[in-house]
Amino acid sequence: MEQLRRARLREIPPVNELSQHSRLRELQQNIAPARITECVQVMLNELRRQILAAKDIDELAHPLQIDALADAVYAQLSAGFAFRLQRVVNATGIVLHTNCGRSVLPAEALQRIVAIAGGYANLELNLATGERGSRYWHVEELLCRLTGAEAAMVVNNNAAAVLLVMHALAAGQEVIVSRGELVEVGGAFRIPEVLKAGGAKLVEVGTTNKTRPSDFATAVTDNTALLLKVHTSNYRVVGFTQMVSATELVEVSKATGIPVVEDLGSGTLIDLKCWGLPEEPTVQAEIAAGMDLVTFSGDKLLGGPQAGIIVGKQEFIAKLKADQLTRALRIDKLTLTALEATLRLYLTGSLQSIPTLQMLAVREEELNAAAEQLACELRNVVGKAADIAVIPEFSQVGGGSLPTADIPTFAVSIAPRVGTVNKLEDFLRSATTPILARIQHDKLLLDVRTLLPGDATIIAQVCSAWAEGY
Ligand SMILES: *Cc1c(COP(=O)(O)O)cnc(C)c1O
């Protein structure tokens, strides 16, 4: 045993020798030589410790192989060097999957990002005069034309938009909100907390299920700054309910002289009913109803980049632009470029170029055909390892939008005959391009609604590798 131990110890290569191994020299383009040497050193020290600690003759039976050691160092270093942010295949059917980055950007937006961010741009430059310009100018007119508002501005996200409105228009004053609309959106964004962070004092009126216009009117004091309506985008109160509509709240606003603001959450510019989705108020409808300001997200139903869009009356937008917080919440050029490109698609009626809308609008026959095709490809590669079927299912919009909407879809179900469904799920999620699916009744479901071109091929390759493992 001790003889073996000494033999193994003698086989440990010098640090320099292993560091210069041809396999590791490939890495020198991306990784500093000192980092490679350090990793080799750590690895060899660990190896020496293991040899010295070995209690069983089996542990020392195999001679060390320098190629295998180089491979191990290579794997460790390249894993450390790999991108953390990765492309994934979203087979969950959740269109606005917040954990997967919500909206898939239109190709037009990507092209514009490359064109604009790869060089200098007139981000804050008025080319007509040569003087300093406003970054909001690039999208303000577009937003006004699309929503019918007088003025517009954009910030980092909708949470920032609400925060800014509170800070600029209601700091140190009262904001009246219905108890039925004090929502928490994902990531612990709570309306009451945002109001507080903006320096406003929340005045709750009505009850969870019923609030009347008169509740708002009687709560107005000398210190009231705003009436706030929050679109309850991630839940519904059903049964014995009464909500104050936008029109009713605007009437209270006119009667009391207190401005009225709506946090619309998802904020769609098109009527989703034509695709069989539940009714969702459009931004233009809320502006037409007389809202002074409306805030909404850029990456929810709009289908653009993460952004917070604020549209409404000129006098209030001017106050927001002048607020100190605006600088901290300001939108960057990548986002602005993508937003401009996305909004222009609405203006030209090119809705088929907006992936989020496409995924919501796709017809059932097309989904069925795509599911049948994927099922066929998968049957070919997995053989007897699993039973594959196409089943009718429901997709979700996600991102806290249209919570009660179950949109009919088709999914490919995989019932493994070998291993467990959890192991299959794990295998897909750990693939080079991770695949996200859901488990239901011991089957893995792949909803084709959210698959992008090329995804089916990736799924087939990974499933093939899974089946080969058995
Ligand atoms: C989603 C949502 C927000 C937060 O929007 P982000 O763009 O994610 O910051 C705020 N309010 C409502 C009602 C929402 O639905």
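Please read all numbers here as calculations on a predicted model, not as lab measurements. Counting starts at 1 for both ligands and their atoms, in listed order.
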Trainee: Yes or no: does D263 have any heavy atom under 4.0 Å from an atom of ligand 1?
Mentor: yes

Trainee: Given Q306, H231, E181, E262, identify the one with the heavy atom nearest to atom 13 (C) of ligand 1.
Mentor: H231

Trainee: Examine D299 against ligand 1 and note whether any of their N/O atoms are separated by less than 3.5 Å.
Mentor: no

Trainee: I'd like to check which ligand 1 atoms, numbered from 1 as shown, lie under 4.0 Å from a non-hydrogen atom of S297.
Mentor: 5 (O), 6 (P), 7 (O)

Trainee: Has T326 got a side-chain atom pairing as donor or acceptor with L320's backbone, closer than 3.5 angstrom?
Mentor: yes

Trainee: Test your reading of the structure: does A159 have an N or O sitting under 3.5 Å from an N or O of ligand 1?
Mentor: yes

Trainee: Report yes if some heavy atom in the side chain of S178 is under 4.5 Å from a heavy atom in the side chain of D215; otherwise report no.
Mentor: no

Trainee: Looking only at heavy atoms, is any part of R102 under 4.0 Å from ligand 1, and if so is it the side chain, the backbone, or both, or is it neither?
Mentor: side chain

Trainee: Could you give all pairs that pass the salt bridge (Lys or Arg N to Asp or Glu O under 4.0 Å) test and reach residues 134-148, with sequence neighbours left out?
Mentor: E124-R135, E140-K321

Trainee: Of the side chain and backbone of K300, name the one, both, or neither that has a heavy atom under 4.0 Å from an atom of ligand 1.
Mentor: side chain

Trainee: Between Q324 and H167, do the side chains contain an N or O donor and an N or O acceptor separated by less than 3.5 Å?
Mentor: no

Trainee: Regarding D426 and R429, does a basic nitrogen lie under 4.0 Å from an acidic carboxylate oxygen?
Mentor: yes

Trainee: Need the ligand 1 atom indices (1-based, order shown) with element for anything under 4.0 Å from a heavy-atom of G265.
Mentor: 12 (C), 13 (C), 14 (C), 15 (O)

Trainee: Taking only residues two or more places apart in sequence or in another chain, which ones pass side-chain hydrogen bond (donor to acceptor under 3.5 Å, both in side chains) with E286?
Mentor: none

